[in-house]
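Only one structure is covered here, and it is reproduced in the block below.
As the structure is a computational prediction, the values presented were derived from the model and not from experiment. Side chains are part of it too, since the values below use all heavy atoms of this structure and drop only hydrogens, waters and symmetry mates. Chain A is the first sequence line, chain B the second, and so forth, proteins listed ahead of strands; every chain is numbered from 1.
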Amino acid sequence: MPHDPAAPVSSRLLANLNPEQLAAVTLPPEPGLILAGAGSGKTRVLTTRIAWLLQTGQVSPGGLMAVTFTNKAAKEMLTRLGAMLPFNVRGMWIGTFHGLCNRFLRAHWKQAGLPQSFQILDSGDSLSAVKRVIKGMKLDEERFVPKQVAWFIAGAKEEGKRPKDVDVHDPHSQKLAEIYQAYEDQCQREGVVDFAELMLRSYELMRDDAALRQHYRHRFQHILVDEFQDTNRLQYAWLKMFAGDPAQGDVPCAVFAVGDDDQSIYAFRGARVGNMADFEREFRVARLIKLERNYRSFGNILDSANALISRNTGRLGKNLRTEAGPGEPVRIYEATSDFAEAAWLLEELQQLHRGGMARSECALLYRSNAQSRVIESALFNAGVPYRVYGGLRFFERAEVKHALAYLRLIENPNDDTSFLRVVNFPARGIGTRSVEQLQEVARASGRSLYQGVSGLGGTAGAKVAAFNRLIDGLRASTQGQTLRVIIEQVLAASGLIDFYRTEKEGQDRIENLEELVNAAEAFVTIEGFGKDAVALPVDEMGQTGPTASELLPDAETGEILSPLAAFLTHAALEAGDNQAQAGQDAVQMMTVHAAKGLEFDAVFITGLEEGLFPHENSVTEADGLEEERRLMYVAITRARQRLYISHSQTRMLHGQTRYNVKSRFLDELPEEALKWLTPKRQAFGSGAGFGGGYGAPSRPAWTPAPAPPPSWASPVPAAMARSAAESSGHGLRPKQAVFHNKFGEGVVLALEGKGADARAQVNFGRHGTKWLALSVAKLTPID
DNA sequence: GTGCAGTTTGCCTGC
DNA sequence: CAAACTGCAC
């Protein structure tokens with residue numbers, strides 16, 4: 001049944017949709033799969049469908065669930081819906097998988113076998129919990145590397161497996177299963193859950209509780225899933241629990257799955273593109289709708305993306321087209337060093353800005369967070385405002401985690417992870433030895449560290465008891481207080497503020513702690529806590545504030561989660577990406593992963609080098625390489641008007657200079673869409689007429705795109721770099737543009753002295769003119 | 001038990 | 001290159 005054309009609201013809603021979009025939006029209430037290419041208006045289709053379903057009265061706000069993958073996407077959806085709908089959208093089941101699982105478990109904590117105030121472990125917490133388990137089992141950390149074990153446990157959970165379900169084929173895997181079991185016991189004892197547990201626990205509760213299952217299946221008539229290609233096995237199974245599983249003979253509700261197999265970039269955390277095909281088959285999707293018209297990018301950008309992704313195998317098949325013209329060519333730049341690359345980025349950014357482009361419309365993308373540093377310092381030194389997403393996030397900073405640990409202990413004193421973090425921070429005379437004793441006592445009696453104090457005598461026992469009293473006192477005195485007061489009191493009473501005040505480098509940390517108070521304040525304002533909910537504030541970056549919305553009343557008692565509990569949840573599920581630096585018109589910096597779902601007028605993709613992008617850990621398997629290619633595809637398709645791609649001959653990594661060869665992905669782009677800002681070079685050693693390039697014996701010479709050398713570490717540029725340095729000593733000349741780590745870009749005015757005494761006078765612009773000893777100062781020439 | 005200096009080790013991506 | 005870890009003097 002199409003919409004009622006007489007309804008004025010819905011016809012306005014549906015105006016300007018293309019036929020495919022319209023078909024998707026108004027799909028009858030049955031399972032549907034939408035293959036939505038990058039920039040094809042996917043989010044618009046999703047939000048419009050939700051609004052259309054609601055406005056035509058086909059479903060009530062409570063009868064609909066929409067799941068996204070990232071917090072960014074969830075926010076985006078809520079913001080857009082908030083603008084389309086006349087009522088507050090916060091109460092609706094719209095959020096990330098993990099956010100919704102949390103909400104579900106908060107409401108049914110008792111059935112799920114959790115304490116009411118269970119805490120959520122982020123990956124760092126989870127890793128230290130694993131470490132404790134391994135230590136407790138007296139196992140060798142060499143043989144059972146905590147990181148790998150944590151990885152193994154998360155992987156098992158994502159497959160829906162409990163310790164008893166894990167494949168055991170040798171003593172090692174046997175032990176792994178035992179560690180997994182011990183980890184689980186420990187988490188249960190402490191009342192904490194990790195990310196994967198949120199999913200698995202809610203899945204199992206639904207699976208095992210028929211009444212609950214019936215309740216939710218009756219409730220949700222429509223479930224919309226964004227980024228379906230990124231779902232893992234468990235998430236798909238979870239979905240079937242809520243929607244009804246056709247394989248079990250259920251009649252499923254209207255699941256509206258939107259995805260793009262070409263943008264599947266989360267295989268490393270269990271994503272299964274195959275879920276799309278499985279869904280189509282299992283849910284007997286009658287009509288698969290493809291959205292292939294791109295509204296975002298100009299032709300050259302799109303052609304580049306299409307050409308690149310066409311090298312992947314086993315695609316569902318889709319080709320983006322646009323009606324915009326070719327636009328600007330894709331510009332490619334080769335830098336001599338990562339510093340020079342940063343200097344070039346800066347220069348191009350300034351030029352775009354002078355040309356009238358907003359800084360916030362420029363994005364700098366990189367494969368891994370470590371690359372942001374050099375770029376950041378270049379921007380910082382030039383005084384260009386920027387904003388970094390991801391990396392060390394706000395709620396993951398050490399001082400913030402310390403403060404949160406105190407808050408978590410107030411909520412749940414059995415949270416041993418938090419207990420260990422702060423029992424002796426700031427120092428209160430409880431050293432390693434005392435803590436070990438306490439751990440032994442607690443383990444022996446099967447109690448938490450907090451409870452274990454009763455079995456610990458002597459001065460150590462007295463000191464721990466004093467710590468417990470501190471926590472208890474804080475719990476009592478903060479009862480019923482506002483979040484701001486609670487946090488301020490904790491910061492003062494714990495001694496955290498005093499501690500950082502005496503630290504040399506403590507000022508920044510104190511500022512972050514103050515920022516934590518602000519974040520809490522903002523959180524309370526936005527969430528509203530049952531009172532009249534406040535309209536979504538939108539900051540200058542177009543993003544809304546925190547979106548916890550986990551304030552569902554308890555299913556049995558009707559009790560509303562305390563502000564503190566809600567805030568702690570918010571801190572665990574959202575890393576607080578937009579706490580700092582919000583506001584001004586700033587250049588956007590993030591990893592390619594973080595950029596998914598976003599778009600910008602100008603995009604710079606940096607570090608297109610073998611070993612980095614594609615990442616060296618990925619090139620050994622075909623699957624890995626294809627995922628890297630999809631990642632590059634995602635990166636390219638973020639750009640609306642201008643796309644720049646850069647690579648560098650050398651790069652600092654692990655404190656050493658690495659010599660890199662340009663990425664194979666550059667050779668996979670269509671030449672006619674490109675413009676090389678620096679001379680295009682063949683893989684070294686393959687002069688004109690040599691065809692196949694050097695060092696690629698596995699490929700015949702006639703291969704159209706010669707494979708890059710097997711190793712990304714080319715010895716040749718290294719030799720070139722050496723000879724350049726040897727011939728001129730320092731490689732500098734007057735008027736040479738240089739880059740300094742601290743002062744940024746400068747121009748050499750004069751040179752004097754030789755060898756170890758060589759000095760250069762450099763004008764750094766806003767940092768003034770300085771004489772630098774070349775044996776000490778690192779000056780990198782910029783071409 | 002604390003704090004410092006020296007040494008080692010690791011950086012891929014994220015809810 | 002830095003964070004994280006280890007060893008040592010107070």
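Across all strands shown, C:dC8 is found opposite B:dG3 as a Watson-Crick or G-U wobble partner, with both distances under 3.5 Å. Of all nucleotides present, none satisfies the Watson-Crick or G-U wobble test against B:dT13 with each distance under 3.5 Å.
Of the two residues contacting DNA chain B, namely A:H593 and A:A460, the nearest-nucleotide position lying further toward the 5' end is that of A:A460. Mapping A:L653 and A:W151 onto DNA chain B via the closest heavy atom, the residue that lands nearer the 5' end is A:L653.
Salt bridge A:R272/A:E158: absent, no basic N to carboxylate O contact under 4.0 Å. We find that A:R630 and A:D262 are not joined by a salt bridge, their nearest charged nitrogen and carboxylate oxygen being 4.0 Å or further apart. For the pair A:D226 and A:K42, the salt-bridge criterion is met [side-chain N within less than 4.0 Å of a carboxylate O]. At a threshold of 4.0 Å, the pair A:E197-A:R162 counts as salt-bridged, since one of the basic side-chain nitrogens sits closer than that to a carboxylate oxygen.
Checking the phosphate oxygens (OP1, OP2) of B:dC15, no side-chain nitrogen or oxygen of A:S123 falls inside 4.0 Å. Within the structure, every side-chain polar atom (N or O) of A:R428 is placed at least 4.0 Å from both OP1 and OP2 of B:dG1.
Stacking between A:F268 and B:dC12 is absent: the ring centroid is not both under 5.5 Å from the six-membered base ring centre and under 30° in plane angle. Using a 5.5 Å limit on the distance between ring centres and a 30° limit on the angle between planes, the aromatic ring of A:H615 counts as stacked on the six-membered base ring of B:dC12.
In this structure, A:M652 places its CE atom 7 Å from C1' of C:dC1, rounding to the nearest Å. Straight-line distance from the CD atom of A:E436 to the C1' atom of B:dG1: 13 Å, rounded to whole Å. Distance CZ (A:F395) to P (B:dG14): 18 Å, rounded to an integer number of Å. Counting to the nearest Å, the P atom of B:dG14 and the NE2 atom of A:H98 are 14 Å from each other. At whole-Å resolution of the value, CG in A:D230 and P in B:dG14 are 12 Å apart. Atom OH of A:Y389 and atom C1' of B:dC15 are 18 Å apart (whole Å). Taking atom CD of A:E396 as the reference point, atom P of B:dT13 lies 11 Å away to the nearest angstrom. At whole-Å resolution of the value, CD in A:E142 and P in B:dG10 are 9 Å apart.
Closest to the side chain of A:N424, from the set B:dT2, C:dA2, B:dC15, is B:dT2. Looking at the side chain of A:A427, the nearest of the listed nucleotides B:dC12, B:dG10, B:dG3 is B:dG3. Here B:dC12 is the nucleotide among B:dC12, B:dG1, B:dG10 with the atom lying nearest to any side-chain atom of A:R367. With B:dC15, B:dG14, B:dC12 as the choices, the nucleotide that has an atom nearest any side-chain atom of A:A594 turns out to be B:dG14. Closest contact between the side chain of A:R433 and the listed nucleotides B:dC15, B:dG1, C:dC5 involves B:dG1. The side chain of A:T70 lies closest to B:dC15, out of B:dT13, C:dA2, B:dC15. Listed nucleotides: B:dC15, C:dC5, B:dG14. Nearest to the side chain of A:K131: C:dC5.
Using a 4.0 Å heavy-atom cutoff across all strands shown, A:G655 reaches at least one base atom of the nucleic acid. Using a 4.0 Å heavy-atom criterion, one finds that A:L612 contacts no nucleic acid atom at all. Nucleic acid contact class of A:N369 (heavy atoms, under 4.0 Å, all strands): sugar-phosphate only. Counting non-hydrogen atoms under 4.0 angstrom, A:F97 reaches nothing in the nucleic acid.
Distance check on atom C1': C:dC5 versus B:dC12 gives 23 Å, rounded to whole Å. Remark: the separation of the C1' atoms in B:dT13 and C:dA4 is 22 Å, to the nearest Å.
Taking the ring centre of A:F242 as origin, the terminal cationic atom of A:K240 falls outside the region bounded by 6.0 Å and 45° from the ring axis. Relative to the ring axis of A:F152, A:K157 does not place its NZ or CZ within 45° and under 6.0 Å from the centre.
At a cut-off of 3.5 angstrom, counting only N and O atoms as typed in the model, there is no donor on one side facing an acceptor on the other between the side-chain of A:R269 and the base of B:dT13.
Remark: aromatic rings of A:F467 and A:F419 are close, center separation under 6.0 Å.
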